[in-house]
Structure formats: structure tokens, C-alpha cells
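Each chain gets a letter, A, B and so on, in the order the sequences are listed, and its residues count up from 1.
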4 protein chains.
Amino acid sequence: MKNNHSKSEDKHQRIIKAALKVFAKKGFYNSRVSEIAKEAEVADGTIYLYFKNKDDILISVFETEMMKMISNMKKELSKCHDPVEKIRIFAFQHLNMITENQEWAEVAQVELRQSSKFMREYVKDHYTDYINIFAYIIREGQEKGIFKEGINTGIAKRAFFGALDEMGRYWVLSRSKRYSVEESSEQISDMFIEGVMK
Amino acid sequence: MKNNHSKSEDKHQRIIKAALKVFAKKGFYNSRVSEIAKEAEVADGTIYLYFKNKDDILISVFETEMMKMISNMKKELSKCHDPVEKIRIFAFQHLNMITENQEWAEVAQVELRQSSKFMREYVKDHYTDYINIFAYIIREGQEKGIFKEGINTGIAKRAFFGALDEMGRYWVLSRSKRYSVEESSEQISDMFIEGVMK
Amino acid sequence: MKNNHSKSEDKHQRIIKAALKVFAKKGFYNSRVSEIAKEAEVADGTIYLYFKNKDDILISVFETEMMKMISNMKKELSKCHDPVEKIRIFAFQHLNMITENQEWAEVAQVELRQSSKFMREYVKDHYTDYINIFAYIIREGQEKGIFKEGINTGIAKRAFFGALDEMGRYWVLSRSKRYSVEESSEQISDMFIEGVMK
Amino acid sequence: MKNNHSKSEDKHQRIIKAALKVFAKKGFYNSRVSEIAKEAEVADGTIYLYFKNKDDILISVFETEMMKMISNMKKELSKCHDPVEKIRIFAFQHLNMITENQEWAEVAQVELRQSSKFMREYVKDHYTDYINIFAYIIREGQEKGIFKEGINTGIAKRAFFGALDEMGRYWVLSRSKRYSVEESSEQISDMFIEGVMK
DNA sequence: CATGAATGAGTCTTCATTCAT
DNA sequence: TATGAATGAAGACTCATTCAT
């Protein structure tokens, strides 16, 4: 059933995985399509049977990983119904995913911020979807009367995500991990929780 | 008096300014040295009288702007002695600088995160200097007994900076400005202040 | 049978041949890689599939031609066992090869003497191999008791080769050929033979 | 009297001397006009007050040195009237000049052979003048009835010069000097003398 | 005469993409 | 589908030469 083109599926996935690895190591502009091909153990030309061009590979990498993050986060949050607790879960999950997928973290750190043409639009939607998960939590808390009404979710969601993201950047760039996922997520969520609670 | 080499100074500065503009518009890798030269109204070769290579231009842009930000922020903070108020000033100033220097904001968003070779080291020091300004505020507040002892400044400074930075990214990427500097800085600093105060 | 990679072989050889032609006409430094490509009827980039860089092309031209000369000379000499006659053959063959391969003669005249980096070492070995062919003849003559013992082969081989080489230079530079290969080689070998014989 | 522009004379000579040094070390094409200027302790632009262009510098270097060689050789030969002895003197003097002016030797080895445009003509005359000094010796010997009539001076002069020149090349390239000027010149001239004498 | 900052034409080389097999 | 040799457009950088001072 899914086997009729499983070989192709394989190759498609293999290229994305290879690209993620290569992009993480060298950055998009310093990565060579031929390197990705080599890493994926396919011929250079084969890449172009699955992707329109180099940009398209990045987009695919991006979509693949972003969807993994979103579905993963949603799954974790669905286990719980307390907005306060959800904030803690979000923080922990986010940092945890980052540390468990360093390659993606490296790529995301840079590419999400590329101001270049195509990324702007492609990125925004998925990115917004992810970040809005947090916005819903805030709104939920406000609806339940636990969080301040005055909190602007548009600002708060970015502030919270930015805080976590910066922590991730630190880990990615310094490659050190002086602060554990547990401590970091706890401190950050504690600060936020106090900041948003009535 | 200061005119004895003002022409060279001029040209050096002109190139940096031009580079900032071009990098902001196209990103480092999509910028052409010849474009920078054109923008600076000098010949292509002239660039190489002032800079070792294209990378060197970026580094210079970076150092120039980063030092402006640091000295500016320090100046603004020196006017006040209340840690709580300082947090507000930091938030406001940071967002304000970003909106007033969109070009630098664009460049910083991307290039500071480039994981490529030379940037890693160059960036880190200045970046740390800047972010540590906030760490000192927290520590000051702790010493004065206003802020919780349990706050880990290493985490808090990143969380706070990240929150502001993400707000900046939003402005840069979306080019919209639904939230004003005032509202954004107030919301973000308020949340943090409540998060760190005893 | 030999066709399995004859196309690549072809291209490699074609580039070398084209380079020889272009180098001969303009000299290495005044030759453009794009000219070589054009002459070889390949794209500029194709050159770099077969050669590391421009220098590498020169080295390959050099090795190709030098090996031809050496094997050719050895073949001709193997037909004869008289050292005196061998001197005559060497002289004739050398001048003959030069006139039959003007392009190589032009390149060799200049590039073998380039004091630049890479050539120094590359050239020396092949060059020494070639010139030593003559040294063996002298030594052979000495062993057979025909040539003077006092002849220093290190000096004699260079003197003889230099004499022939200068004749070749004359032909190359003046493009005239007032003296025939036959007369030139005879006169030069005669002088040498009398000079070295007991 | 000659002082009114002795400073200019100075500079002209200084540049030639500097150029000789730089050309010797790097070769013409790898030498930079700015290096020559630096070596001569003048400004880059100053070079162009004394020379039309880079090529012109080489020509001047060439003419200066070649004239020195010719006048020097003639002076030495004028002391003696025996053609046989003159051959010995020529050989010794040539090799001696080469070893005493390594820089010129380096330049001459390469540049005399440059097939490029301007050199072809410029070089030829001086070069011929020099080499003809030897032709005269042969002819003189033939007139005196000492040397064989059958010797073709056009060939012999090149053979002899070539022999010496090759020895010079060996010293220049290998930078070793396993054979002394005395031994080398003696062996080479002895061989030739026997080769040309009746 | 002297300077040296400025110029910009010129070239090697890279690498995303194509296409014949 | 898969290959990988071939393409050629594009760009960073160099350096001989000029010219305003």
C-alpha cells in the first residue's frame, strides 16, 4: 500500500535528513548540493528529481521539522488541562526538543531568521502555528480567570518564545550546557507564570 | 584640525554604512561587494583598501553597530539607579534602538546567528558584553534585596534579552508594527519585573 | 573495449593539447583558462573536473611531453651500442623532436626556467632523467675506454644538452631555421665527440 | 655638471636595482610594481615618472645588465690575443659573472626566454651582440689557421654559449654549486677547443 | 618632481543545475 | 527513476596605472 513508492519515499527522506545534517554543520550558503547528495548516498542529479532546487530542500527540511515540533508539542500539552502547568510543559518540551535535535536547532537558529525572499513567507505560517500554541495557553488562562486580562497575547507569546529560543541559541552557539533543560525551563516558566498570573 | 584624514575616515565609514544597507536588504551571502561599492560611491577596488575581504566588512559593520548599542544603552542606564526602573529602560531602549536602526536590526537578526567560522568568536564577546548589561541589573537588584535570590542571572539575562529580541524579529520580519515600542517594552518589562521581584 | 572511458580520456588529453597550444602562443601567464577551454572545445568549468587549477594544467602538459621525450629518446638510443654513435643520435633526436613539436619547444624554453614555486621541483626530476640519458652515454664511453677519464659527466652532460638546447632556442625565438637539424646536430656532436674522445 | 639631475639618476638606477632584485626573487609576473617601489624606497607613482610601464622596467633592467656583461667581456678579452686562450677567458668570465650576479642570472634565465611580444625584439639585439663576441673568436681562430674551416660559427657560438648557459642554469636552479667556476669553465672550454681546433 | 589613494578592467574558480545515457 | 559529467553564469579579489594634491 505505501510500499509502491517506498523506495522513493526513502530517498526523499534520506535527502532531507542529509540536508539537515549538512546545513547544520555548514549553514545553508556554505553547504553544497553535492555534499547533501553524498551524505544521502544519491547522485547529485537525483536531488533534482525530488526537489526543485537548493532552496526547496531547505524549505522541505524546515517543514518536516516544524511539523514534528508542532505535533509533538500539541501531543504533550493535550495530556494536561491546567494553563499554568501547560506553560511549564511548553518550556520544558521546547528546550528538550532543541537539545534532542541539535541539528535542527542549528539550522532553525539561522534560517528562521534569514530575511531572504522565499523564507519570509514559507517560514511565517509554520512558525506562527507553533508560537500560537503558546498564545492559546495564555488566552485559556485568561478565560479561566487565572491570568491577567491586560496581557497582550501577541506580545506575551513572542516574549515567552523568545526567552526559550535565546536559551536554545546559547546552547547551540556555545555548545556548552551549563544550565540544564530542567533548571532553564523551570526558571523561565516560573518568571513568566508570575508575570502573567493575577 | 580633524580634517587631516577626514577623507579616509569618510570613505571607511561610508563603506560600512553602505554595507549595512546592502546586507540589510539582501543578507550577507546575497550581497555583492560591487553593490556595496556602488552604494558607497567608490570603486570596487577601493573597498579592499579599507577591508581585508567581504567577511571583514561584515565584522566591521558588526563592531561598529554593537559598540554603538552598548555605549548607548550604558549611557541611558546611567541616568537611573533603581533596578526596577532600569529593566524598563533596558527594554524600552533596546526596542527603540531596533526600530530606529532597522537596517542593523535586519543584519543582526541573521548574521549574529550565522554559525559560520569567523562570526562565532567575533560576535560572542560583544554580544556577551551587551547582554551582561542586563545581568548586572539583576544582580544589583538582588544585592539591594529587591529581587529574588533564586534567580539565575545566566538564565534570566538570556530570557529577557530573548523576549525583546523576538519582538524585534517580529518587527523586522513582518515589517508591520502592530505593537508600539512603548506597549511592547512595558508589557515585557512588567512581566519580568513581577517574575524577578520578591 | 578501450572505449569504456575513452571520452573522459579524450577530454583530458584534449585539454592538455589545447593548453600546450595556448601556452606556446602566449606563455603561461598570458594564457587564459577560458582560452584553453575554448581551444579544447569544453566549458570553462570542465577544465576543473580534470585539473586542480591553472598550475596543474601546466604540470600535466609538462609531464606528458617530458615523458614522451624521454621514452622516445631511449627507444632511439637502444638501437645502437656505440657511444660515439649514440652522441650523434642524441643530438639529432633532440633537435628533431624540438622541430617536430614546436609548441612544446616554446613552452619548455620558458616554463622550464620559471623559477616559480611549483615548477622548481616538478621540473627537476623529469629534466634530470632526460639529461642523464646523455650522462650514461659518456660513462659508457669511459668504461669502454673510448672517452677521456677526466671528463666530468656532471659538467659534460649539461654542456652538451645546453648546446643543443640553445640551438633549439634559436629556432624557437627566431622562427627561422637557417641551420638544418642535420647540419646542426652533426656539428654539435662532432665538436663534442672530439672533445671527449681520447 | 652631472649633479643637476643626479638625484633623478639615482632614483632611476635605484628602481632598476630594486626591480632586478624583485624580479630575481619572484619572477616578472609574480612581481608587483608596488614591491619594486617599496624596495626602491619610492612611491608607486614615482616609478611611472621614470618608466613607461612594468614591461619597460624589465627592458631597462635587461639593457643595463646586458651592457655591463658585454663591456665587461670585451674588456677581459682585449687583454689577450690568442683565440684559444680567449675561449678559456670567455668561458671563465661568463660563469664568473653569473655567479657574481646571481640576481641577474635568475632574471636572465627566465626572461631571455620569454616568448612574449616585446621581449622578442628587445632581447635579440643585445643577446646577439653578446653571443657574437664568441663568434668573432672562432672566426679569428679560423683566419689564423688554428681552427677548422668547417666549423659553422652560427652553430658553434650557440653551442658554446648554450653549454655555459646551461651550467649557469644549474647553479641558479639548484642553488648548489658542486662544480666550481674554474673546473666548469676549464672542462667546457677544453672540450670546445679540441672540438674546433685542427 | 613626488606621492599614494583611487580606480576598474580583467580572471580564476566555484557550484547549482541540466541532460544524455 | 537514477546517474554524474558537463555546463557557464557569476563574483571576489588583484594590481597596473592614473591623477589630484
Residues passing the side chain to side chain contact (heavy atoms under 4.5 Å, CB included) test with C/Glu63, sequence neighbours excluded, are C/Ile59, C/Tyr122, C/His126
Q) So, do A/Met67 and A/Phe62 sit near enough that their side-chain heavy atoms are less than 4.5 Å apart? A) no
Side-chain heavy-atom pair C/Lys54, C/Arg32 within 4.5 angstrom cut-off: yes
Interatomic distance, [X] [atom1] vs [N] [atom2] [rounded to whole Å]:
{"X": "D/Asn30", "N": "F/dA16", "atom1": "CG", "atom2": "P", "answer": "10 Å"}
{"X": "A/His12", "N": "F/dA2", "atom1": "NE2", "atom2": "P", "answer": "13 Å"}
{"X": "D/Asp55", "N": "F/dA16", "atom1": "CG", "atom2": "C1'", "answer": "10 Å"}
{"X": "B/Ile47", "N": "F/dG11", "atom1": "CD1", "atom2": "P", "answer": "15 Å"}
{"X": "C/Ile36", "N": "E/dT13", "atom1": "CD1", "atom2": "P", "answer": "11 Å"}
{"X": "C/Lys38", "N": "F/dG8", "atom1": "NZ", "atom2": "C1'", "answer": "14 Å"}
{"X": "B/Tyr29", "N": "E/dT14", "atom1": "OH", "atom2": "P", "answer": "16 Å"}
{"X": "B/Leu49", "N": "F/dT18", "atom1": "CG", "atom2": "P", "answer": "17 Å"}

Distances under 3.5 Å only, N/O to N/O: pair up the protein atoms with those of nucleotides 8-11 of chain E.
{"residue": "E/dG8", "atom": "N7", "partner": "B/Gly45", "partner atom": "N", "Å": "3.2"}
{"residue": "E/dT11", "atom": "OP1", "partner": "C/Arg32", "partner atom": "NE", "Å": "2.9"}
{"residue": "E/dT11", "atom": "O5'", "partner": "C/Arg32", "partner atom": "NE", "Å": "3.2"}

Going by the rule side chain to side chain donor-acceptor pair (under 3.5 Å), which residues pair with [X] if we only count those two or more places apart in sequence or in a different chain?
{"X": "C/Glu35", "result": "C/Lys26"}
{"X": "B/Tyr48", "result": "none"}
{"X": "D/Asn101", "result": "D/Glu65"}

In this structure, OG1 of A/Thr46 is separated from NE2 of A/His12 (nearest 0.5 Å) by 14.0 Å
Pair C/Glu39 + C/Lys21, salt bridge at N-O below 4.0 Å: yes
Parsed dot-bracket for DNA chain F after applying the Watson-Crick and G-U rules with both distances under 3.5 Å and | for other-strand partners is .||||||||||||||||||||
Q.
With a 4.0 Å cutoff (strictly under), does any side-chain N or O of B/Tyr50 reach OP1 or OP2 of E/dA5?
A. no
Lys NZ or Arg CZ of B/Lys11 over B/Tyr50 ring: under 6.0 Å, within 45°: no
